[in-house]
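A short worksheet on the structure shown next.
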There are 2 protein chains.
Amino acid sequence: MSGYQHIKQELETMIENKIWNVGEKLPSEYELAKHFSVSRETLRSAIKLLEQDGKLLVKHGIGTFVIKPLPGIPSRLEFLQSIGTMIKLAGLTETDSKEMIGEVDCTEEWAKTLNIEEGSQVVKVERIRYADGEAVTYSVNIMPKDLVGDAFERADFSGSLFNFLEKECSIHIAKADTELVVPPNKDKYVERLKNHQEETPVLLMKQLHYDQQNREVLYSYDYLRSDVFQFWVRRERK
Amino acid sequence: MSGYQHIKQELETMIENKIWNVGEKLPSEYELAKHFSVSRETLRSAIKLLEQDGKLLVKHGIGTFVIKPLPGIPSRLEFLQSIGTMIKLAGLTETDSKEMIGEVDCTEEWAKTLNIEEGSQVVKVERIRYADGEAVTYSVNIMPKDLVGDAFERADFSGSLFNFLEKECSIHIAKADTELVVPPNKDKYVERLKNHQEETPVLLMKQLHYDQQNREVLYSYDYLRSDVFQFWVRRERK
DNA sequence: CAGTGGTCTAGACCACCGC
DNA sequence: CGGTGGTCTAGACCACTGC
């Protein structure tokens, strides 16, 4: 590990060990650099990381302060994870059933979203995930045929779609733009998630996934039972 | 503006003007630094900013590349904004009515969330926002009396709560942890947002707001008509 | 004013990649 | 191996804050 990352951890431990209480000022950057025997710039890199993590507050001309640690949240939406991971984080054990895997013609909406020709071939995968015998998610995944080729015929798809795309197609999903929608009660996929209760609340995530170069690679509809999952976002003011 | 921020803008303009196409490699940091007559570290600071903005992809040992610009999204949940701002961004003109402003005893849930004594005094503000004559949001805001004092009696509250807290109480809201909930149809606040249609979809944001020192300062229930607002998040994989 | 953080430099060496 | 980005230094000067 590089020097400034190491110092970041040192400082982190010191904060956890209450060397300085919440609200207290740290020694000046000059002093801290001397203490760790590094240059001031290196020390500053470490502080910048802790500032981004929300553990320090730096005030120009005044000093650097320890601030109250925020609660840890298991699953935050700003951090992209596969649905499988979200299920694990919710403390559930998953079994799944593929509802369909195959090629279909691209609709207008998919074409526009994925930035491909209308009517070109796409591969569509539909899955239901169960936990304790109850359906908890319904996912529809759409990928351009040009990108995935015959991977779904060639290899057996099971487990994480992210891993599958990485291994079989060298596609690394890096980000996604996600719209959160409260779907109408009569939506056909919502129907599939209904249990015996009168009202089964469902949230729909319409997700456009990008690779590292920001190319559109995967469009998904993920229906999640909102009585089973919690959706958190940490929001910051800019 | 400092030097590296200036260079960031220069580079940004050059990218927009297609000096380099999407996917192309920029000159090396050494070359760019020479071109702008700055040190390499300064040049690197500018590049780091563009990388965080998702405009450049830096590959160790290979080079720095222009990547596809992502679509601009008007309102992203990771960026904390007042409901009033969200309404403006949705292209609506707002009128509002205060349903109540006053002091009440703190419930157990509020106490736990705001990290104050159960039964201590809190100030509660309820507002309905209308656009084109229809109710589009219902907000319940809870603030510890210790923090806001008699600000709501002393001064006239109208417009943005964030601005009011800033001006009257020197409270700067910096972040929030928000849980997104699909509320039950019979929720009393959801009832207030129903219009003539059969089904009025509503999303509830349970938001705990922090100041710059991460102190809990405001807890809100914000009910938003999801046929009027769009909820987007950009998710990144870590 | 003194003390703090913010920016910048010129140069060095290391780590990674493709050939 | 040569070319790229990643880290680090010692020192300088600037910008902001509180007294």
Side-chain angles (χ1 to χ4, degrees), chain A residues 1-12 14-15 19-21 23-67 170 172 174 211-213 238, chain B residues 1-12 14-15 19-67 166 170 172 174 211-213 238:
Chain A
M1 188 183 307
S2 59
Y4 72 95
Q5 293 178 64
H6 184 250
I7 291 179
K8 182 204 168 185
Q9 291 211 326
E10 296 268 324
L11 286 170
E12 214 158 1
M14 291 167 87
I15 292 168
I19 306 292
W20 311 285
N21 285 314
E24 276 186 6
K25 192 170 81 167
L26 266 58
S28 73
E29 297 181 346
Y30 175 80
E31 301 258 352
L32 283 172
K34 204 172 55 180
H35 174 258
F36 289 114
S37 310
V38 294
S39 75
R40 204 183 130 212
E41 284 292 1
T42 302
L43 186 275
R44 274 173 62 77
S45 304
I47 285 185
K48 209 168 274 180
L49 291 182
L50 289 166
E51 197 186 8
Q52 287 178 323
D53 285 358
K55 304 195 171 169
L56 291 178
L57 178 62
V58 181
K59 297 188 190 179
H60 189 180
I62 309 183
T64 301
F65 301 81
V66 178
I67 54 182
S170 303
H172 178 81
D211 69 4
Q212 285 180 305
Q213 280 84 44
K238 294 289 159 197
Chain B
M1 189 184 307
S2 60
Y4 71 95
Q5 294 178 62
H6 183 250
I7 290 179
K8 181 203 168 185
Q9 291 211 326
E10 296 269 324
L11 285 169
E12 213 159 2
M14 290 167 87
I15 292 168
I19 305 293
W20 311 285
N21 284 316
V22 167
E24 276 186 6
K25 192 170 82 166
L26 266 58
S28 73
E29 297 180 345
Y30 176 80
E31 300 259 350
L32 283 173
K34 204 173 56 182
H35 174 258
F36 288 114
S37 310
V38 294
S39 74
R40 201 182 134 215
E41 283 293 0
T42 302
L43 187 272
R44 273 174 63 76
S45 305
I47 286 185
K48 209 167 275 180
L49 292 182
L50 289 165
E51 198 186 7
Q52 288 178 322
D53 286 358
K55 305 195 170 169
L56 290 178
L57 178 63
V58 181
K59 298 189 190 178
H60 189 179
I62 308 184
T64 301
F65 300 81
V66 178
I67 54 183
E166 182 106 40
S170 303
H172 178 81
D211 68 3
Q212 284 179 304
Q213 281 85 43
K238 295 288 161 198

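Letters go in sequence order (proteins before strands), and every chain restarts at 1. Treat the numbers as computed from the prediction; the structure is a model and nothing was measured.
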Seminar exercise, completed: Nearest-nucleotide check on DNA chain D, Gly3(A) vs Gly61(A); residue mapping nearer the 5' end is Gly3(A)
For this session: Write down the distance between CZ (Phe65(B)) and P (dC17(C)), rounded to a whole number of angstrom.
Result: 12 Å
Seminar exercise, completed: In whole angstroms, the gap separating P of dG6(D) from CG of Leu49(A) amounts to 14 Å
Problem set entry | His172(B), NE2: over 12 other non-hydrogen atoms inside 6.0 angstrom | yes
For this session: Please report the shortest heavy-atom distance between Lys25(A) and Trp20(A), naming the atom on each side.
Result: O-CD1, 4.1 Å
Seminar exercise, completed: For Ile19(B) and Glu24(B), the nearest pair of non-hydrogen atoms, with its separation, is O-OE1, 4.4 Å
Seminar exercise, completed: Considering only heavy side-chain atoms of Ile62(A), the closest of dT4(D), dT17(D), dC8(D) is dT17(D)
For this session: Might you point out which heavy atoms bring His6(B) and Met1(B) nearest each other, and give the distance in Å?
Result: N-SD, 3.7 Å
For this session: Give a yes/no on whether any side-chain N or O of Thr42(A) is located under 4.0 angstrom from OP1 or OP2 of dT9(D).
Result: yes
Exercise. Do you know the tightest heavy-atom contact between Ala46(B) and Tyr4(B)?
Worked result: CB-O, 3.4 Å
For this session: Write down the distance between CG (Leu43(A)) and P (dC8(D)), rounded to a whole number of angstrom.
Result: 11 Å
Exercise. So, is Thr64(B) close to the dG5(D) phosphate, meaning a side-chain N or O under 4.0 Å from OP1 or OP2?
Worked result: yes
Problem set entry | Length of the CD-P vector between Glu29(B) and dA12(C), whole Å | 18 Å
Exercise. Between dG11(D), dA10(C), dG5(C), which nucleotide has the shortest distance from any of its atoms to the side chain of Ser39(B)?
Worked result: dA10(C)
Exercise. What integer distance in Å separates His6(A):NE2 from dG6(D):C1'?
Worked result: 18 Å
Seminar exercise, completed: Comparing Gly63(A) with His60(B), nearest DNA chain C nucleotide closer to 5' gives the residue Gly63(A)
For this session: Could you please name the option among dG5(D), dG6(C), dC8(D) that lies closest to any side-chain atom of Arg44(A)?
Result: dG6(C)
Seminar exercise, completed: Per atom distances to the Lys25(B) side chain, the nearest of dT4(D), dG6(C), dA12(C) is dT4(D)
Exercise. Rounded to the nearest Å, what distance is computed from the CE atom of residue Met1(B) to the C1' atom of nucleotide dA15(D)?
Worked result: 16 Å
Exercise. Of the nucleotides dG11(C), dG5(D), dG11(D), which one has an atom closest to the side chain of Glu41(B)?
Worked result: dG11(C)
For this session: Considering just the side-chain nitrogens and oxygens of Tyr4(A), establish if one lies under 4.0 Å of OP1 or OP2 belonging to dT7(D).
Result: yes
Exercise. How long is the line joining CD of Glu31(A) and C1' of dA2(C), in whole Å?
Worked result: 14 Å
Problem set entry | Ser28(B) side-chain proximity, nearest of dT4(D), dG5(C), dG6(D) | dT4(D)
For this session: Please state how far atom CD in Glu51(B) lies from atom C1' in dG5(D), giving the value in whole angstrom units.
Result: 11 Å
